[in-house]
Amino acid sequence: MGLLEECRASLGAGDLYQALGVRRGASAEEIRRGYRKASLRLHPDRAEPGLKEEATARFQILGKVYAVLSDKEQRALYDEQGIVDEESSVLTQDRDWEEYWRLLFKKITVKDIEDFEKKYKDSAEELDDIKAAYEDFKGDMDKIMESVLCAEYTDEPRIRKIIQHAIDLGELSSYKAFVKESKQKINARKRRAEKEAEEAEKSREELGLGEGDDDLKALIQSRNKNRQKEMDDFLAQMEAKYATKSKKGGKKEAPKRVK
């Protein structure tokens with residue numbers, strides 16, 4: 001069975017781009033990000049024991065898809081003729097797809113996030129992200145706070161001030177959802193944040209985490225115990241915005257520890 005048939009049979013995807021959840025004209029970084037998100041969902045480590053073999057097969061298919069789309073010649077062939085060269089070294093070489101995945105994606109630690117937060121908050125990049133989120137969600141602060149990277153409840157006054165200043169300057173539209181947000185909704189958001197903080201602290205204690213623990217997965221679990229999708233999305237965003245990219249043609253350094 002060829003790669004295209006495997007995509008249809010195992011992933012329910014009509015083409016290679018759909019398998020990664022990206023558009024046909026996606027940039028190399030968008031394809032990398034799509035692979036990251038798709039592979040996090042299907043990683044064998046997250047599968048139930050009885051489904052591990054099936055998850056491994058799907059994970060391997062995703063690796064092959066990314067290998068094809070990240071190779072300029074193979075992608076051009078696929079785009080122009082709609083076929084995959086199954087005899088290409090991209091697919092025929094003996095490759096450990098889990099190790100390939102680990103080499104592609106640098107492990108992100110708590111220190112990485114803290115360093116990123118320091119640079120990101122109050123930066124031009126954060127300003128652009130806040131404005132984009134405001135327009136995308138038509139002023140809905142619940143969704144804006146969930147969308148903006150590293151945003152905690154304590155950041156809300158600062159973020160509201162940034163948005164209001166942009167509205168006053170005519171840079172953003174004046175959406176009713178923002179300018180006339182009810183106190184009930186604001187208080188409800190505050191209560192949710194306080195509850196999440198309490199649950200996070202309880203989970204941290206249950207997991208035996210210290211302030212210096214550098215296991216990102218455990219940290220995210222402690223903050224968002226039942227929010228796996230948010231964890232996946234956060235990891236993908238951090239990968240796109242922060243993770244060090246290897247130089248073209250250079251070797252990628254294997255992470256010291258992967259869980």
Side-chain angles (χ1 to χ4, degrees), residues 21 33-34 36-38 40-41 46 108 110 112-211 213 215-242:
R33 194 183 314 164
R36 169 78 176 196
K37 293 182 73 173
L40 278 169
R41 288 194 298 271
R46 296 181 56 189
I108 300 172
V110 171
D112 289 332
I113 294 177
E114 290 174 345
D115 290 344
F116 173 78
E117 255 188 87
K118 290 175 183 177
K119 295 177 182 178
Y120 179 71
K121 288 190 175 181
D122 292 316
S123 68
E125 185 179 12
E126 185 198 39
L127 177 61
D128 288 342
D129 287 348
I130 290 171
K131 288 180 178 179
Y134 175 82
E135 290 291 356
D136 287 346
F137 300 119
K138 309 299 182 187
D140 187 328
M141 280 300 292
D142 283 349
K143 295 179 179 178
I144 292 169
M145 292 301 295
E146 290 174 0
S147 173
V148 176
L149 278 175
C150 305
E152 302 287 348
Y153 178 72
T154 52
D155 292 305
E156 183 170 333
R158 180 178 63 86
I159 291 174
R160 291 191 72 95
K161 187 175 180 180
I162 289 171
I163 292 172
Q164 187 60 59
H165 182 62
I167 292 173
D168 294 341
L169 292 177
E171 297 174 352
L172 294 175
S173 305
S174 181
Y175 290 115
K176 183 178 179 180
F178 176 79
V179 297
K180 294 188 177 181
E181 185 179 32
S182 68
K183 289 185 177 180
Q184 289 88 342
K185 189 177 179 183
I186 294 173
N187 290 334
R189 188 161 55 249
K190 180 180 179 181
R191 287 194 296 272
R192 284 197 303 272
E194 291 173 342
K195 183 178 180 181
E196 285 183 3
E198 290 175 3
E199 291 176 349
E201 183 58 33
K202 183 178 179 181
S203 296
R204 180 179 288 276
E205 291 174 359
E206 290 174 352
L207 290 167
L209 298 180
E211 292 299 322
D213 193 293
D215 187 333
L216 177 62
K217 184 176 179 180
L219 176 68
I220 300 299
Q221 285 176 333
S222 74
R223 288 180 174 175
N224 303 297
K225 193 173 183 180
N226 299 310
R227 294 167 65 182
Q228 187 66 52
K229 183 178 183 300
E230 283 85 346
M231 176 181 126
D232 292 348
D233 289 345
F234 182 79
L235 283 168
Q237 290 181 73
M238 287 297 295
E239 166 65 27
K241 286 181 175 288
Y242 181 84

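Closest approach of Ser173 and Glu135 over heavy atoms only: N-OE2, 3.3 Å.
Checked by atom type and distance alone, the side chain of Tyr153 never pairs as donor or acceptor with a backbone atom of Arg189 at under 3.5 Å. Within the 3.5 Å criterion, the main-chain N or O of Tyr134 finds no donor-acceptor partner in the side chain of Tyr175. Counting only distance, with no hydrogens or angles, the side chain of Asn187 and the backbone of Gln184 share no donor-acceptor pair below 3.5 Å. Although no hydrogens or angles enter the test, the distance criterion places a donor-acceptor pair under 3.5 Å between the side chain of Ser123 and the main chain of Tyr120.
Distance check: Met141 CE to Arg160 CZ gives 5.0 Å after rounding to the nearest 0.5 Å. Atom CD of Glu126 and atom CG of Asp155 lie 7.0 Å apart (nearest 0.5 Å). Separation of atoms CG (Asp168) and NZ (Lys161) is listed at 11.5 Å; rounding is to 0.5 Å. Going from atom CD1 of Ile144 over to atom CG of Asp129 covers 12.0 Å, rounded to the nearest 0.5 Å. Note that the CD1 atom of Ile162 and the CD atom of Gln164 stand 12.0 Å from one another [nearest 0.5 Å]. Here the straight-line distance linking atom CG of Asp122 with atom CD of Glu117 works out to 11.5 Å at 0.5 Å rounding.
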Q | Audit row: Arg192, Met145, side chain to side chain contact (heavy atoms under 4.5 Å, CB included) steps and yes/no | A | CA-CA 12 Å; Arg192 284 197 303 272; Met145 292 301 295; over 6 Å; no
Checklist entry - Do Asp136 and Lys143 pass the side chain to side chain contact (heavy atoms under 4.5 Å, CB included) test, and can you show the C-alpha distance, the side-chain angles, and the key distance before you say yes or no? => result CA-CA 9 Å; Asp136 287 346; Lys143 295 179 179 178; over 6 Å; no
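Applying the 6.0 Å contact sphere to NZ of Lys185 captures more than 12 heavy atoms from other residues, nucleotides or ligands.
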